[in-house]
Student: 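Would you mind keeping the following structure in view while I ask a few things?
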Amino acid sequence: MNSSTLIGIGVALAMLAAAIFGSAPSALAFVNLPGLGIVLGGTIAALFIGYPISEIRRIPQLLRCAQ
């Protein structure tokens, strides 16, 4: 992972935190479990639609090698 990726992630997280803590009386106001379920469920469904199962089975192996 190159340095510009890390900088981008850091800036994105800082801006997100500033928006959450600066605009709501409670950060828990931004927690939406049904919405999270919809997003994660849709992402997983799109993964299975877009790729064959043989490629999906390789994901854990690829994640272990990336560390």
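Starting from 1, each residue takes its place in the sequence as its number. None of these values were measured; they are calculated from a predicted model.
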Student: Scan for side-chain hydrogen bond (donor to acceptor under 3.5 Å, both in side chains) pairs involving residues 16-35, sequence neighbours excluded, and state none if there are none.
Tutor: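 For residues 16-35: none.
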Student: Would you give me the side-chain donor-acceptor pairs under 3.5 Å for residues 35-42, sequence neighbours excluded?
Tutor:
none

Student: So, using side chain to side chain contact (heavy atoms under 4.5 Å, CB included) as the criterion, who are the partners of I44 when residues are at least two apart?
Tutor: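 Partners of I44 under the side chain to side chain contact (heavy atoms under 4.5 Å, CB included) test: F48.
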Student: Run through the side-chain heavy atoms of Ile, Leu, Val, Met, Phe, Trp and Tyr, join any pair under 4.5 Å, and report what else lands in M15's cluster.
Tutor: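 Members alongside M15: I7, V11.
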Student: Per the side-chain hydrogen bond (donor to acceptor under 3.5 Å, both in side chains) rule, what does the pair list look like for residues 44-55, sequence neighbours excluded?
Tutor: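 Of all non-adjacent pairs touching residues 44-55, those that pass side-chain hydrogen bond (donor to acceptor under 3.5 Å, both in side chains) are E55-R58.
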Student: Kindly write out the residues that satisfy side chain to side chain contact (heavy atoms under 4.5 Å, CB included) with I59, not counting sequence neighbours, or none if the list is empty.
Tutor: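 With neighbours one apart ignored, the set is L47, I56, L63.
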